[in-house]
There are 2 protein chains.
Amino acid sequence: MQLNNTTQYAIRILSYIANKHDKQLYSAKELAEILSIPYKFLTKIMTELVKADFILSIRGREGGYKLSRPASEISIMDVLNQFNEFVEQKQCLLGIGMCDNNNKCGLHDQWVKPKKMIKDMFENTTLENLDGNGYKI
Amino acid sequence: MQLNNTTQYAIRILSYIANKHDKQLYSAKELAEILSIPYKFLTKIMTELVKADFILSIRGREGGYKLSRPASEISIMDVLNQFNEFVEQKQCLLGIGMCDNNNKCGLHDQWVKPKKMIKDMFENTTLENLDGNGYKI
DNA sequence: TTTAAATACTACTAAAAGGTAGAATTAAAC
DNA sequence: GTTTAATTCTACCTTTTAGTAGTATTTAAA
Ligand code: SF4
Ligand code: SF4
């Protein structure tokens, strides 16, 4: 019941870039240092974020990364989907195939409400909403 | 954001044993077949359930497994804890160390409510509550 | 008392996730 | 034009999780 490492990193990276408006571009080097993410692992994630069109990269000297669209247009759910976290909304909590509400597992009835709440939260929260001073990064 | 395989199996096994009252003991062989869990993997989980005192085992011919206490006294949270799922309630969703409400990550404020809802649900749901006819197993 | 059917133990293999290394490519600065 | 600082690509290594194999132990039935 936790987000996996890669997804956590991805959210933190996007969140940082989205909410630090003092610069145009951020290099992998500085992101790795500031966010304490292994450099080589971060660059791997960055290219995935670029391919997913969350991030726009400028190559070559003086290059770096920036958001490809406004922070308000990227929801946490978008990111989770990209990293296969919430993959199949219909997947059973107990892993017994898929859930179509007619073929319930034992935990179904208790799970639907919290599940919906999480879903809504992730859908309604954008990178913009993660702003705020004093937050750890 | 899903329970890992081993935990899913554990809940399904416990749930099945708890709610099928037609027998005293269930053998690993029949549990594996009925629940479609690899036999060798299941026996491994069973010994962990025995050590965690959820299950009582009777060895030797005609032996098998049964609950070590009433189904109403084993919550899903108990099981999750045993399998290190909910380990540290205080662990940050974004993996930035621990959360003490004074040292928040960007998702904190959105996360607290759903988090509490899930927690309560897992704590208040016991093996007994997983009963019900027509549920897939 | 032997045999059969069950759990328990030890050790290994396979797959997925997390992470690292090094070279190739790009483009601005010099 | 060369150098330098950046991203990208390919390939590998490490750790964790999932799953398998074989044997030892236990105990009731035959
Ligand atoms: S609980 Fe219901 S909804 Fe959730 S997974 Fe199991 S079956 Fe599907
Ligand atoms: S979100 Fe807040 S509570 Fe949840 S983990 Fe991050 S810091 Fe802790």
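Lettering of chains follows the sequences in order, A, B, ..., and the numbering in each one begins at 1.
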> Who pairs with A:Ala18 by side-chain contact (heavy atoms from CB on, under 4.5 Å), at least two apart in sequence or on another chain?
Replying inline: A:Leu67, A:Ala71, A:Leu127
>> If hydrophobic residues (ILVMFWY) are linked whenever their side-chain heavy atoms come closer than 4.5 Å, directly or via other members, who joins A:Met117 in its cluster?
In response: B:Met117
> Are A:Thr126 and A:Ile74 side-chain neighbours, meaning at least one heavy-atom pair lies under 4.5 Å?
Replying inline: no
> Of all residues at least two apart in sequence or in a different chain, which pass the side-chain contact (heavy atoms from CB on, under 4.5 Å) check with A:Glu48?
Replying inline: A:Gln82, A:Phe83
>> Quick check on contacts: within residues 27-37 of chain B, what sits under 4.0 Å from DNA chain D by heavy-atom distance?
In response: none
>> Run the side chain to side chain donor-acceptor pair (under 3.5 Å) test against A:Lys116 and tell me which residues pass, sequence neighbours left out.
In response: A:Asp120
> Under 4.0 Å between a side-chain N/O of A:Thr6 and OP1 or OP2 of C:dG18, yes or no?
Replying inline: yes
> chain A on DNA chain D: first and last contacting nucleotide, 5' to 3', under 4.0 Å to a heavy atom?
Replying inline: D:dT4 to D:dC9
> To the nearest Å, how far apart are A:Asn4 CG and C:dG18 C1'?
Replying inline: 10 Å
> Taking atom P of C:dA8 as reference, at what distance in whole Å does atom CG of B:Leu42 sit?
Replying inline: 11 Å
> Looking at residues at least two apart in the chain, or sitting in another chain, which of them share a side chain to side chain donor-acceptor pair (under 3.5 Å) with B:Ser27?
Replying inline: none
> With respect to the phosphate group of C:dG19, does any side-chain polar atom (N or O) of A:Tyr9 fall under 4.0 Å of OP1 or OP2?
Replying inline: yes
>> Among residues at least two apart in sequence or on other chains, which ones pass side-chain contact (heavy atoms from CB on, under 4.5 Å) with A:Arg61?
In response: none
> Once you round it to whole Å, what is the distance between P of C:dA6 and NZ of B:Lys66?
Replying inline: 17 Å
> Taking the six-membered ring for Trp, are B:Phe122 and A:Trp111 parallel (under 30°), tilted (30 to 60°) or perpendicular (over 60°)?
Replying inline: parallel
>> Quick one, B:Ile76 and B:Leu130 - any side-chain contact, counting heavy atoms below 4.5 Å?
In response: yes
> Could you give the distance from CG (B:Leu49) to OG (B:Ser68), rounded to the nearest 0.5 Å?
Replying inline: 9.5 Å
> Nucleotide by nucleotide, 5' to 3', does protein get under 4.0 Å of the base (B), only the sugar-phosphate (S), or neither (-) in nucleotides 22-30 of chain C, counting heavy atoms?
Replying inline: BB-BBBBS-
> Got a sec? Which of residues 44-55 of chain A come in under 4.0 Å of DNA chain C, heavy atoms?
Replying inline: A:Lys44
>> Pick the closest DNA chain C nucleotide for A:Pro38 and for B:Tyr65 by heavy atoms, then say which residue is nearer the 5' end.
In response: B:Tyr65
> If you link I, L, V, M, F, W and Y whenever their side-chain heavy atoms are under 4.5 Å apart, who else ends up in the same group as B:Leu56?
Replying inline: B:Leu25, B:Ile58
>> Show me the pairs that pass side-chain hydrogen bond (donor to acceptor under 3.5 Å, both in side chains) and involve residues 30-43 of chain A, at least two apart or across chains.
In response: A:Lys23-A:Glu30
> So, B:Asn19 side chain and B:Tyr16 main chain: donor-acceptor pair closer than 3.5 Å or not?
Replying inline: no
